[in-house]
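Each remark here refers to the structure printed beneath this line.
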Amino acid sequence: MRLSQYFLPVLKETPKEAEIVSHQLMLRAGMIKQQAAGSYSWLPLGFKVLNKVQRIIEEEQNRSGAVQLLMPTIQSADLWRESGRYDAYGKEMLRIKDRHERDMLYGPTNEEMITDIFRTYVRSYKDLPLNLYHIQWKFRDEVRPRFGTMRSREFLMKDAYSFDLDKESATAAYYRMFVAYLRTFARMGLTAVPMQADSGPIGGDLSHEFIILADTGESAVFCNKDLLEKPIPPLDTDFRGDLEPIFRDWTSLYAATEEMVDEDRFTSEVPEDKRVSARGIEVGHIFYFGTKYSKPMKATVTGADGKEIEVHMGSYGIGPTRLVPAIIEAFHDDAGIIWPVSVAPFEAVLINLKAGDEATDAACAEIYAALAAAGIDALYDDRDMGAGGKFATADLIGIPYQLIIGPRGLKSGEAEIKHRGTGERETLPIADAVERIRALVVPQRLDAI
RNA sequence: CGGGGUAUAGCUCAGCCUGGUAGAGCACUGGUUUUGGGAACCAGGGGUCGAGUGUUCGAAUCACUCUGCCCCGACCA
């Protein structure tokens, strides 16, 4: 993409409404525009990141055996009356009437609807297990939206719903999502720690929040340091096999948020040199809830013995529109964002230091074409402006590698590569630059971990 | 939903206290000179001062009402 043809409205100054660094940087980098309290447009750069985040989520959901579909944003109140949640949900639910005065609502979640789909089509125990997911916009009329898209009213959510015959197989479904989540966040460069969460009236230990550590996180978290270095389940993990050992391995080490922490357990179970006490952001939540919806909504299958069985369900959420700022909270410096390659809006930026100069333009055009041919998703800063502004823009929007071409280096046939994350610079022959970028980028795409 | 702020140009803000023809920097447009870390100069364009009502000869400025947005708390992917 040539920057001169792109739409990248970067801001030099920080808009005053933004409090936390990810919100400030998303506004400054031209990723989002606020349209109302808790409601944002995703501008091209932000949308590109959001899509990369979604793609990783989809790949890992699919790998785990979940099946994608898409449900509408606007729902009928009828289903919610059936589950009893129409009255229970409160003012967070945006209620709407259509032209026939029918009660509608903008979905804050989809348990009712997915249960309706399930009961319509699934009749036999032979059709289980089943895990259906979608990525859709949701609306919760938060009393106080804040922190940009970290806590917006309208937000994107991946939610998966598992259906099983009994608690045992539902637990296996839970483990599959647990493992899928570990892989999903790792592929975004994040170290996400599963922490025991409040499992509500169902009880048991089948509710976990996935927390990433960031200085500006919204809640305090406590965990064993070993969790931060634990290798994630590899690409060839067999999701049809027994995943309980992985689950046990991860949950054997202490980890809890401030809501759930037990100081005595933390100090007794975790050696002093392994105690991590930090801030964290919740980026995912998985939950087993048994027959909470299948019972009132009559979602049953016929078992092998001919009897009707209420299915056991779980739901598994990840918020892509929250993950984007969460990644920024984890990866930034004073100059701007530092994207992990796997979610970076562009993998490299080609900086033409003297746009308009015949030789420099020609060299850059050639390199830009070579980057495309090498499969690198590159931005070409061909704008006619000073070098300082280009460097500042490249740093701000956080492109992992800057390939810098100017008349000075051109004379000696040299290019410069700046590593956004480390600040490291290397000078190399122009002829080797594209291959060097490719060698740097490809392993960091993390699509093969 | 309680408490507290705030609203003036695309952005960051000054002007308000003490009423008298709406400002700065950045951004934008044209030009000249520049060009390896947000350049310099010249010339321009752009605002019913959030909305309404009132006080006044006169309101961005004072009073009242409403709305938007932000922060703290309670709540949440």
Side-chain angles (χ1 to χ4, degrees), chain A residues 9-20 23-24 27-28 30 33-39 53 57 89-93 107-110 135-160 181 185 192 197-198 207-212 218-219 257 259 280-287 315-326 334-336 351-357 360 381 383-397 402 404-412 414-416 418 423 425 427:
Chain A
V10 298
L11 305 176
K12 196 178 252 181
E13 290 174 281
T14 303
K16 64 176 173 180
E17 75 262 19
E19 178 79 356
I20 63 170
H23 189 192
Q24 294 172 347
L27 290 167
R28 286 193 54 210
K33 179 189 187 303
Q34 179 169 341
Q35 302 293 164
S39 171
V53 165
I57 293 170
Y89 215 93
K91 298 182 86 171
E92 271 199 346
M93 183 156 78
T109 180
N110 287 70
I135 298 178
Q136 178 59 291
W137 291 95
K138 304 203 177 313
F139 191 93
R140 291 183 193 166
D141 198 356
E142 299 269 355
V143 183
R144 190 184 161 209
R146 67 184 123 170
F147 303 150
T149 66
M150 182 84 80
R151 179 75 175 282
S152 48
R153 291 197 294 175
E154 188 175 9
F155 59 99
L156 201 56
M157 174 107 120
K158 185 287 298 184
D159 37 347
Y181 275 38
F185 299 124
D198 186 3
S207 177
H208 285 85
E209 292 179 359
F210 285 76
I211 304 280
I212 67 162
E218 54 202 333
S219 57
T257 62
E259 293 84 20
I281 300 169
E282 182 185 350
V283 290
H285 195 163
I286 61 177
F287 204 93
S315 75
Y316 315 88
I318 294 180
T321 46
R322 162 174 284 192
L323 263 171
V324 174
D334 289 345
I351 298 179
N352 180 341
L353 287 177
K354 193 165 185 177
D357 176 79
T360 317
D381 190 347
R383 294 172 301 170
D384 181 15
M385 63 177 286
K390 296 193 176 195
F391 291 132
T393 298
D395 285 349
L396 173 64
I397 67 175
Q402 300 172 11
I404 300 161
I405 303 292
R408 205 167 76 193
L410 212 51
K411 271 181 206 154
S412 49
E414 284 177 333
E416 183 180 325
K418 177 182 166 184
R425 297 157 185 281
T427 302

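Every chain is numbered from 1, with letters handed out A, B, ... down the list of sequences.
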Could you tell me whether [X] contacts a base, only the sugar-phosphate backbone, or nothing, with contacts defined as non-hydrogen atoms closer than 4.0 Å?
X	answer
A:Ile404	base
A:Gly388	sugar-phosphate
A:Lys418	base
A:Thr14	sugar-phosphate

Distance check, [atom1] atoms only: [N] and [M], in whole angstrom units.
N	M	atom1	value
B:rC75	B:rG15	C1'	40 Å
B:rA14	B:rA74	P	31 Å
B:rG58	B:rA40	P	46 Å
B:rC49	B:rA59	C1'	11 Å
B:rC69	B:rC28	P	29 Å

Complementary nucleotide for [N] - Watson-Crick or wobble, under 3.5 Å:
N	answer
B:rU65	B:rA51
B:rG44	B:rC28
B:rA60	none
B:rA39	B:rU33
B:rC1	B:rG73

**Item:** Nucleotide B:rG37, atom P - distance to CD of A:Glu416 in whole Å
**Value:**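 Rounded to the whole Å, the gap is 10 Å.
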**Asked** Quick one: do the A:His285 and A:Ser207 side chains pair a donor with an acceptor below 3.5 Å?
**Response**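 Judged by distance alone, the side chains do pair up.
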**Message:** Quick one, A:Arg322 and A:Glu282 - any side-chain contact, counting heavy atoms below 4.5 Å?
**Reply:**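 Yes; the side chains approach each other to less than 4.5 Å.
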**Request:** Please examine the side chains of A:Thr14 and A:Arg28, heavy atoms only from C-beta on, and report whether any two atoms are closer than 4.5 Å.
**Result:**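 Answer yes - side chains close enough.
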**Request:** Encode nucleotides 68-77 of chain B as B, S and - characters from 5' to 3', where the letter depends on protein heavy atoms closer than 4.0 Å: B to the base, S only to sugar-phosphate, - to neither.
**Result:** -SSBBBBBBB
**Item:** Summary of protein contacts for nucleotides 24-35 of chain B, nucleotide by nucleotide, where a base hit scores B, a sugar-phosphate-only hit scores S (4.0 Å, heavy atoms)
**Value:** -BSS--------
**Asked** Do you know which two heavy atoms are closest between A:Glu142 and A:Pro145, and how far apart they sit?
**Response**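 What the structure gives for the nearest pair is O-CD, 3.6 Å.
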